[in-house]
Amino acid sequence: MKTFRFYIIALIFILFGTNLQAQNNSDYQLAVRLIQQQEYSEALPVLEKLHASAPETFVYAERLIDCLIQVKEYERGLQIAQKFEGKPNFDAQIKVKIGELNHYLGNEEKALDIWKSNISNNKNQLQLYINTARKMVDRREYLEAIKIYKNARTQFQNDRIFFSDIANAYMQAGEYELAINEWLALLEDSPNQISFIQRSLLRYNDPILYDITIVELNDRLSDITTTNPIYRTYYELQIWLLQENKLYRRALAAAKEYENRSNSYNYSVFNLGRQLVENNEFELAIEAFKFYTENTFGELKWRNLEELSVTYSKWAKYLDDFNLNLQTSSDSLYSLSMTMLQSIETETSSYSRMNNVYLKKAELALDHIFDLSVAESSLQKLKSTSGAGDKPEIPYLEGRIHIINREFPQARIQLTRSNKMAEIGEVAEKTRYFLALTDFYAGDFEFATIQLKSLGRNNTSYYANDALELRLWLQDGLSNDTTGSNLKTFAEAVFLENNGQPKKGDAIFSRIIDDPDFFSLKDDAILFYVQSSHISVEEKYVTLDRYLNAGYDSPIKEKLLWEKAVLAEKMSVNSDTSVQSADEVYEELILTYPNGFYAPYARERLSEISNFNNS
């Protein structure tokens, strides 16, 4: 009986202890969640209760100390921490806390002595170095933290650890050059860490840091040969920094220096040239490609002539899209683009990318030169190359030629065939756009909308702006007129404009502008009208000025104001003509759209006008 009673009592104690432990675990999880939510005042009584119930449990005490630090009760935290001092399992860990609490209490020197002594007594605990240094950083003892990290490097005989920790500590201490040295040491040890360094630089986003890094990289590059494995890594970081800071001319100079110092061509200037095109730095890109066309021969020269052609055509299209051609004619740029291609064709037929040359010539002829014979000739040359039957470019060009001839059903067949052959990539994007355009010209607006959906996520192709523009025409035209009659009239004018008959297109646009029953697409019509090269500047200005003063709520008013300012600059105004001056229009644009696309260009023009008037 006594034995049975003993087991019952023991079982009660076990069950009580189990329930108590379960309750403590539940309370502890609650306290942790409150701390994560930064509800320290609510977590504090929970942790105090846990600590009181189990004062020897270190994890409860540690969390309680953390909570007391957050509510600024440092003395209480220190009292609790000191109870664990000297205990073998917790001594090293708790002294990190004791040092931290002393630092909070203003005993900075004592805190540093505690931390250093603790490290000295536990030299083989790597995690202790890490925890101590991080507390030092938290307390803004950056240089002392760096000493701990470097001490760990020595102790564990590993100079490859703590690169980022040391660099970040140097940054927070304001020691930029030392931080950069750490980053570059990391780069030298692990070239694949360049993306980490780029992210770090972007995070700080400090112009002074960028400048110092650029200078340091330049010095290092000057001191080593191009055959050194680290040269290219340093160079890539330097070029990236220069471009991030829009120091494109310096980037080009650096690329040329790298190329000139190399024993053979490394294509640094070529690669930069393509990046410059993507950044709309066309003049510098042309200089980059000419570096090769003027100094090389054969395949490398022809490749750069092709890139020059692409650059000239992209520059021209950029000017046309935004009407920024105040000093440079887009027509002359398209002509230069064609000249580059003809230079290749004149020199050789063995260029490995000759197919691209024929394709680009045909596209220029169809889009800008409006010479159907050149397009057809280029198509025949493309067909004569080996493996022509498998090239999606051939049905693509055939479809384009059918569009010009208003053979829309045939155009759909060829463009669809090309799209299926290409599946993905640039040609697939082009065919999808021209399929939509074909349906637009033919009046099949629903199908045109469907074709454009697949291009909805693309915003980088040559025809990206055109696809967006076409989508907006369809939305605007069908929203106000479900029959699509006005949209058909507008589509006919666009077809004439885009296929070498601009005068006929201009006449339709003029009727659209003057027709009071034509509600949709007036903005787009007047944009085509004022950008025409076949209408006098004065007539375009008067029409646009009247349109803007009529009080229409135009979604493209910013662009129309820019067009008006450009026209005002070009005009020869008679004394008896009342015309708003260009600088007044530029000022109106800036005041109305201070953060708009054209605002920086308007400010630049105002500055140039002011300088001209004062000269």
Side-chain angles (χ1 to χ4, degrees), residues 146 149-150 152-154 156-171 175-204 206 209-279 284-285 287-289 291-292 295-296 298-301 303-304 307:
I146 291 166
Y149 284 129
K150 289 187 174 182
R153 282 180 173 178
T154 302
F156 295 95
Q157 299 180 359
N158 188 348
D159 290 334
R160 304 178 66 178
I161 57 177
F162 302 129
F163 278 119
S164 61
D165 299 285
I166 293 174
N168 289 334
Y170 273 133
M171 279 299 302
E175 298 286 350
Y176 286 179
E177 292 187 28
L178 295 173
I180 292 162
N181 286 335
E182 282 295 320
W183 277 326
L184 297 184
L186 169 62
L187 195 59
E188 187 170 347
D189 185 74
S190 304
N192 61 343
Q193 291 294 318
I194 188 170
S195 60
F196 164 77
I197 295 171
Q198 289 170 335
R199 290 194 302 271
S200 298
L201 289 165
L202 287 173
R203 185 172 69 251
Y204 286 108
D206 189 322
L209 175 63
Y210 292 156
D211 289 343
I212 295 173
T213 308
I214 290 168
V215 171
E216 180 63 30
L217 284 167
N218 190 62
D219 290 343
R220 293 192 179 208
L221 287 167
S222 299
D223 293 338
I224 59 177
T225 64
T226 56
T227 56
N228 190 313
I230 196 60
Y231 191 101
R232 185 165 194 86
T233 306
Y234 281 163
Y235 164 79
E236 288 175 357
L237 181 58
Q238 182 191 43
I239 288 294
W240 174 82
L241 267 171
L242 290 168
Q243 290 188 92
E244 280 293 315
N245 289 275
K246 302 188 185 303
L247 301 172
Y248 299 113
R249 191 166 295 281
R250 285 178 63 182
L252 181 57
K256 285 182 177 179
E257 182 181 0
Y258 183 19
E259 192 72 275
N260 286 326
R261 291 182 63 187
S262 300
N263 295 326
S264 59
Y265 288 109
N266 56 49
Y267 307 105
S268 58
V269 181
F270 176 85
N271 293 331
L272 177 63
R274 302 187 76 180
Q275 293 173 40
L276 290 168
V277 171
E278 294 303 313
N279 285 299
L284 289 177
E287 185 180 338
F289 297 127
F291 175 86
Y292 295 98
N295 297 292
T296 65
E299 189 79 8
L300 185 54
K301 178 183 178 181
R303 183 72 176 89
N304 280 273
E307 287 298 327

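Keep in mind the model is a prediction, meaning the values are calculated, not measured.
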L184 CG to L217 CG distance, which is reported to the nearest 0.5 Å: 5.0 Å
From CD1 (I161) to NZ (K150), nearest 0.5 Å: 13.0 Å
Point-to-point distance, once rounded to the nearest 0.5 Å, from OG of S200 to CD1 of I180: 12.0 Å
Sequence-distant partners of D189, side chain to side chain contact (heavy atoms under 4.5 Å, CB included), two or more places apart: R160, F163
Sidechain-backbone polar pair: Y235 side chain, L221 backbone, donor-acceptor under 3.5 Å: no
Nearest-0.5 Å distance that lies between atom CD1 in I197 and atom OG1 in T213: 9.5 Å
Of all pairs that satisfy side chain to side chain donor-acceptor pair (under 3.5 Å), the ones with a partner from residues 244-255, not counting sequence neighbours: none
E307: side chain to side chain donor-acceptor pair (under 3.5 Å) partners, not counting sequence neighbours: R303
Lys/Arg N to Asp/Glu carboxylate O, R232 vs E236, below 4.0 Å: yes
Partner set under ring pair (Phe, Tyr, Trp, His ring centres under 6.0 Å) for F156, not counting sequence neighbours: Y129
Residues that E299 engages under side chain to side chain donor-acceptor pair (under 3.5 Å), provided they are two or more places apart: S352
Contact list for residues 220-229, test side chain to side chain donor-acceptor pair (under 3.5 Å), sequence neighbours left out: N181-R220, E216-R220, R220-Y234, T225-T227
N/O donor-acceptor pair under 3.5 Å between N295 side chain and F291 backbone: yes
From Y267, Y265, Y292, residue fulfilling side chain to side chain donor-acceptor pair (under 3.5 Å) relative to E259: Y292
Those residues that, when tested against Y149, pass ring pair (Phe, Tyr, Trp, His ring centres under 6.0 Å) (two or more places apart): F162
By ring pair (Phe, Tyr, Trp, His ring centres under 6.0 Å) - contacts of Y231 (at least two apart): Y258
K256: partners by salt bridge (charged side-chain N to carboxylate O under 4.0 Å, His left out), with sequence neighbours left out: E287
Flag for N168-Y204: side-chain donor and acceptor within less than 3.5 Å: yes
Spacing of CG belonging to L237 relative to CD1 belonging to I194, to within rounding of 0.5 Å: 5.0 Å
Which residues share a side chain to side chain donor-acceptor pair (under 3.5 Å) with S190, sequence neighbours left out: none
Salt bridge (charged side-chain N to carboxylate O under 4.0 Å, His left out) partners for R199, two or more places apart: none
Residues that Q275 engages under side chain to side chain donor-acceptor pair (under 3.5 Å), provided they are two or more places apart: Q243
